[in-house]
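Reading through the structure tokens given below for one structure.
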Amino acid sequence: MEPGRLEAALGVALGDRALLVQALTHRSHAFEAGGLPHNERLEFLGDAVLGLVVTERIYRRYAHAPEGRLAKLRAAAVNTHSLADVARRLGLGRAVRLGRGEEQSGGRDKDSILADTLEALLGAVYLDRGLEVVEDVVDRLFADLIDDLASRRESLDYKTSLQELTAREWSSLPSYHVTAEGPDHRKRFTATVSVGGEQVGLGLGRSKKEAEQQAAREAFTTLGARGGVPFGPERADGTEE
């Protein structure tokens with residue numbers, strides 16, 4: 001995707017073209033190109049800007065909601081999965097500049113790369129056009145998502161919803177296993193969730209909590225259609241795993 005088309009989808013044009021290119025440059029491409037500026041610093045800035053704007057919007061829009069509800073709504077709106085969905089609607093995957101390895105491994109559709117690039121892009125908009133413009137961009141991109149999340153309780157805390165579901169249907173509680181990789185300032189967490197010894201969900205995130213929520217989300221979605229089918233080696237039809 002040409003940068004101009006991306007800007008049209010975003011609803012704003014950047015005057016600093018080098019800043020836009022940097023926002024779209026993944027570190028894998030920067031490394032292979034001999035050390036070009038990449039988007040991690042812009043991602044750091046964009047994460048803070050997005051958090052501020054979303055926090056203010058939900059604070060004002062849901063004036064009577066308690067702090068705990070607002071915190072869960074914000075977390076659901078800005079987690080890796082939600083950001084990646086917004087990025088896909090923008091067609092951001094076609095615009096990101098990747099190294100050959102990431103390109104070959106499907107990096108254009110990886111949640112983590114899409115989420116990071118979107119944050120970097122918002123950081124670039126903030127630097128180039130200021131807070132008022134980036135507020136308008138965030139409003140356009142996230143307003144419907146926030147309203148949808150606010151209307152669905154389980155979307156705000158899948159861990160609680162999964163626990164309630166498994167306790168009710170199978171008299172069992174989910175268990176989580178989390179691993180981390182990467183340097184301290186850029187750790188990536190992978191979580192799996194199991195019920196009755198069977199893995200039913202996998203999640204990735206930039207924090208342990210986010211990874212567990214994403215694993216619980218996948219498990220909740222999968223098990224919602226499963227009904228009373230038991231877990232463990234013996235299935236409802238008498239067959240074994």
Side-chain angles (χ1 to χ4, degrees), residues 26 39-40 42-59 61-62 65-90 92-93 96 107-123 134 137-163 165 174 176-182 185-193 200-224:
H26 188 260
N39 63 12
E40 289 183 2
L42 287 172
E43 173 205 337
F44 169 78
L45 177 62
D47 174 68
V49 172
L50 177 63
L52 171 64
V53 176
V54 169
T55 299
E56 181 185 3
R57 292 307 188 259
I58 62 176
Y59 177 84
R61 185 171 182 82
Y62 305 101
E67 182 273 340
R69 173 77 173 175
L70 295 178
K72 290 177 180 178
L73 179 55
R74 177 181 59 193
V78 302
N79 66 32
T80 300
H81 179 80
S82 294
L83 294 181
D85 281 349
V86 172
R88 289 187 181 96
R89 291 201 302 271
L90 284 172
L92 192 52
V96 64
R108 293 191 184 279
D109 197 48
K110 286 184 180 178
D111 279 6
S112 59
I113 290 178
L114 290 172
D116 291 348
T117 306
L118 178 60
E119 287 181 333
L121 192 57
L122 293 174
V134 82
V137 172
V138 171
D139 283 341
R140 286 195 300 275
L141 296 181
F142 287 86
D144 290 344
L145 170 66
I146 291 171
D147 286 345
D148 182 54
L149 290 170
S151 69
R152 293 186 285 126
R153 172 183 172 273
E154 67 273 8
S155 295
L156 302 184
D157 189 357
Y158 276 107
K159 286 188 67 176
T160 297
S161 296
L162 178 63
Q163 181 172 312
L165 174 66
Y176 295 85
H177 177 70
V178 181
T179 59
E181 60 180 9
H185 66 288
R186 284 187 60 83
K187 279 195 179 299
R188 292 289 181 181
F189 294 82
T190 300
T192 57
V193 58
V200 290
L202 172 70
L204 307 175
R206 287 170 286 186
S207 67
K208 177 182 176 182
K209 182 177 180 181
E210 181 181 340
E212 288 180 339
Q213 281 288 347
Q214 293 308 309
R217 179 183 187 276
E218 180 176 285
F220 183 85
T221 301
T222 300
L223 299 183

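Side-chain atoms are counted along with the backbone in the values below, which use heavy atoms only and exclude waters and symmetry mates.
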Short side-chain to backbone donor-acceptor contact, R88 and D109, under 3.5 Å: yes
I'd like to know if the side chain of E218 reaches the main chain of G203, judged simply by a donor and an acceptor atom lying under 3.5 Å from each other, with no hydrogens or angles considered.
no
query: Taking R89 for the side chain and L141 for the main chain, is one N or O donor matched with an acceptor at less than 3.5 Å?
result: yes
query: Are side-chain heavy atoms of V138 and F142 found at a separation under 4.5 Å?
result: yes
On a heavy-atom basis, the closest approach of A77 and V54 is CB-CG1, 4.3 Å
Heavy-atom closest pair (N79 atom, Q214 atom, distance to 0.1 Å) is ND2-NE2, 3.0 Å
Here the gap from I58 atom CD1 to R69 atom CZ, rounded to the nearest 0.5 Å, amounts to 10.0 Å
For A215 and A191 the tightest heavy-atom approach is CB-O, 3.7 Å
Quiz item: Is a donor on one side and an acceptor on the other found under 3.5 Å between the side chain of S151 and the backbone of D148?
Solution: yes
Could you tell me whether the side chain of E43 and the main chain of E119 form a donor-acceptor pair under 3.5 Å? no
Rounded to the nearest 0.5 angstrom, the CD1-NE2 distance for I113 and H26 is 4.0 Å
CZ (R188) and OG1 (T179) are apart, to the nearest 0.5 Å, by 13.0 Å
- Query: With a 4.5 Å heavy-atom cut-off, do E181 and K187 have their side chains touching?
  - Reply: no
- Query: Does D157 reach the side chain of Q213, with side-chain heavy atoms less than 4.5 Å apart?
  - Reply: yes
Side chain R74, main chain G51, donor-acceptor under 3.5 Å
no
Checklist entry - Donor-acceptor pair, S82 side chain versus V78 backbone, under 3.5 Å? => result no
> Are any side-chain N or O atoms of N39 and backbone N or O atoms of L42, one a donor and one an acceptor, separated by less than 3.5 Å?
Replying inline: no
To the nearest 0.5 Å, atom CG of L50 lies from atom CG of L122 at 6.0 Å
ask   = Got a sec: does the CZ of R140 have more than 12 other heavy atoms crowding it under 6.0 Å?
value = yes
Between V193 and A219, the two heavy atoms sitting closest are CG1-CB, 3.8 Å
**Asked** Around atom CZ of F44, are there more than 12 heavy atoms of other residues, nucleotides or ligands at under 6.0 Å?
**Response** no
One should read off an interatomic distance between S161 OG and R217 CZ, to the nearest 0.5 angstrom, of 12.0 Å
When every non-hydrogen atom of L70 is compared with those of A65, the smallest separation belongs to CD2-CB, 3.8 Å
Of all heavy-atom pairs linking K159 and Y176, the shortest is CG-OH, 3.6 Å
_For a side-chain contact (heavy atoms from CB on, under 4.5 Å) check, start with the C-alpha distance between V96 and R108, then their side-chain angles and the critical distance, and finish with the verdict._
CA-CA 7 Å; V96 64; R108 293 191 184 279; 3.6 Å; yes
Does OH belonging to Y62 count more than 12 external heavy atoms closer than 6.0 Å? yes
In this structure, CG of D111 is separated from CG of D85 (nearest 0.5 Å) by 7.0 Å
